[in-house]
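Read through the structure below, which is laid out as structure tokens, and then see the notes.
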2 protein chains.
Amino acid sequence: MARPRHYDHDELRTAIIEAARKLLEEGGPAALTARALAKAVGTTPGTIYNLFSNMNAVLHEVNRRTFTELAQMIDAAPPAAPRDRLLALADGYVDFMLARRVVWRGLFEGPHQTDTFPGWYTSLIDELIDRIAAPIAQLQPRASARLLAEELFLSVHGVVALAAIERLDLVTTQDPHSLARSAVERMLNWIEVDRR
Amino acid sequence: MARPRHYDHDELRTAIIEAARKLLEEGGPAALTARALAKAVGTTPGTIYNLFSNMNAVLHEVNRRTFTELAQMIDAAPPAAPRDRLLALADGYVDFMLARRVVWRGLFEGPHQTDTFPGWYTSLIDELIDRIAAPIAQLQPRASARLLAEELFLSVHGVVALAAIERLDLVTTQDPHSLARSAVERMLNWIEVDRR
DNA sequence: TACGTTTTTGAACGTTGTTCACTACCATTG
DNA sequence: CAATGGTAGTGAACAACGTTCAAAAACGTA
């Protein structure tokens, strides 16, 4: 038996998560295997299961970082009028996703079946949608901005979900950016007319 | 070695496709394995690979039937004014998908990577979008109805894609039907204002 | 130094998709 | 009718997967 080393758990955890992300980016979800991940950080499959309950937990951690980055990017944007802010959000979201399309797939795809999500996962998504709701609330104080934000997100999600798996061309030749902006425009139009 | 039977290839092919669909419906994508499929039709894995190039091809055939059914359902709807027709399309699409959520996942998910689609696959999708474009063209003869139809489809797809994998609740508590209808309403509103 | 605990290890189990040598069957020929 | 050739079903085998766990090594303590 080879000499077991002793690891700093915190270091190893983050090393594993970073390696997992790299594997995902380079080879897609199929490349994220326990053995490949172990080799990438210079350890063995067993050790990974010591720090994570299973491979799904590793993926969740990668996703957590992705969400956090997205939130940071959004918050770093300069302030703007609601309309411009929504357009910037859509653009930023599409850019962000296109740059991470493979990582992105892990967010909504997967074996799933009946596996449940950790609480922080759902609340991260919640916060992202709240960031869409904020500018909408400025335009439309009456109705629930949150509901409209959810609808807008889903419209953009339709575009992004297909673009992320490189299958947008099954539906259209329009580019993801202008599709996302169109969705925003329709929502803005709706709000405008509705308050008339 | 067990006694090899001789099969009618056409019969066996359709039996395999039907069994595959059943497996999908009952146990999700994970249940569609070569061995389970072989057992379900009373044959062996090798024979399946005799009739299909791989398991992906089986899934493609299941999807072909699904698309065809969807098209039939759409065409069977009674004629209506453009506005009602679009709403009915959205409702029907959501219903259809909810009844087949597990089968549906195979349409856009999967291992993919670089695997390409058969020509009939893309043209089936094309025809579906044309069915959305038709009523739009009645409302909006000037601009390209096809482009708007693509955008509307993508908005509804965002809803359906999440509902199909049982994760719509990550984003909203609104139900898929009203979300889809809202997307249609926004598009109708857009067309109305645009032609003003 | 010796012991007990903790952590790492990697072999092993049960899956998966896919391949292919083998062989049983059918159809044609002598 | 017998022999033979080609076709097609078979299922063992391969590589790879996630996951588990007994054993072994290193650490912390006495």
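Just so it is clear: chains get the letters A, B, ... in the order the sequence lines come, proteins before strands, and each one is counted from 1. Computed from a predicted model, the values in this text were never measured in an experiment.
Sequence neighbours left out, the pairs with a member in residues 154-173 of chain A that pass ring pair (Phe, Tyr, Trp, His ring centres under 6.0 Å) are A/Phe108-A/His157, A/Phe153-A/His157. For the salt bridge (Lys or Arg N to Asp or Glu O under 4.0 Å) condition, the pairs that include at least one residue of residues 35-61 of chain A, sequence neighbours left out, are A/Glu61-A/Arg64.
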Every protein N/O lying under 3.5 Å from an N/O of nucleotides 13-15 of chain D:
residue, atom, partner, partner atom, Å
D/dA13, N6, B/Arg35, NH2, 3.4

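Rounded to whole Å, the distance from CZ on B/Arg13 to C1' on D/dA8 is 16 Å. Put simply, CE on B/Met55 is 15 Å from C1' on C/dT19, counting in whole angstrom units. Across the protein-nucleic acid pair, B/Asn54 atom CG and C/dC20 atom P stand 14 Å apart, rounded to whole Å. Distance, B/Leu32 CG to C/dT15 P: 17 Å, rounded to whole Å. We find that CD of A/Glu11 is positioned 13 Å from P of C/dT8, with the value rounded to whole Å. Distance NZ (B/Lys39) to P (C/dT16): 10 Å, rounded to an integer number of Å. Rounded to a whole Å, the CG atom of A/Leu23 is 11 Å from the P atom of D/dG18. Atom C1' of nucleotide C/dT15 and atom CG of B/Leu37 are separated by 17 Å, given to the nearest angstrom.
With sequence neighbours left out, the side chain to side chain donor-acceptor pair (under 3.5 Å) criterion links A/Asp175 to A/Ser178. Considering only residues two or more places apart in sequence or on other chains, A/Ala137 meets the side chain to side chain contact (heavy atoms under 4.5 Å, CB included) condition with A/Ala145. Partners of B/Asp84 by salt bridge (Lys or Arg N to Asp or Glu O under 4.0 Å), not counting sequence neighbours: none found. Residues satisfying the side chain to side chain donor-acceptor pair (under 3.5 Å) criterion with B/Glu127, sequence neighbours excluded, are absent altogether. In this structure, A/Arg13 has no salt bridge (Lys or Arg N to Asp or Glu O under 4.0 Å) partners at least two apart in sequence or on a different chain. Residues satisfying the side chain to side chain contact (heavy atoms under 4.5 Å, CB included) criterion with B/Thr122, sequence neighbours excluded, are A/Leu170, B/Phe117.
Note on A/Thr43: every side-chain N or O is 4.0 Å or more away from OP1 and OP2 of C/dT8. Under 4.0 angstrom from either OP1 or OP2 of D/dG9 there lies no side-chain N or O belonging to B/Thr44. Under 4.0 angstrom from either OP1 or OP2 of C/dT6 there lies no side-chain N or O belonging to A/His9.
Annotation: the terminal axes of the helix from C/dT1-D/dA30 to C/dG30-D/dC1 meet at 30°, where each axis is the rotation carrying the C1' atoms of four end pairs onto the next four (5 pairs per end, rounded to 10°).
Follow the hydrophobic side-chain contacts under 4.5 Å out from A/Tyr49 and you reach A/Val62 in the same cluster.
Within residues 45-52 of chain A, the residues approaching DNA chain C are A/Gly46, A/Thr47, A/Asn50, by heavy-atom distance under 4.0 Å.
In summary, the side chains of B/Ser155 and A/Arg186 do present a donor paired with an acceptor at a separation below 3.5 Å, with no hydrogens or angles considered.
In this structure, A/Glu151 and A/Trp190 have side chains that are not in contact, with every pair of non-hydrogen atoms separated by 4.5 Å or more.
Where A/Ser53 and A/Thr33 meet DNA chain D, the nucleotide closest to each residue was compared, and A/Thr33 sits on the side nearer the 5' end.
If you check D/dT19, C/dT7, C/dT18 against the side chain of A/Ala34, the one that comes closest is D/dT19.
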Contacts under 3.5 angstrom, residues 85-97 of chain A side chains, donor-acceptor by atom type, not counting sequence neighbours:
residue, atom, partner, partner atom, Å
A/Asp91, OD2, A/Arg181, NH1, 2.7
A/Asp95, OD1, A/His177, NE2, 2.6

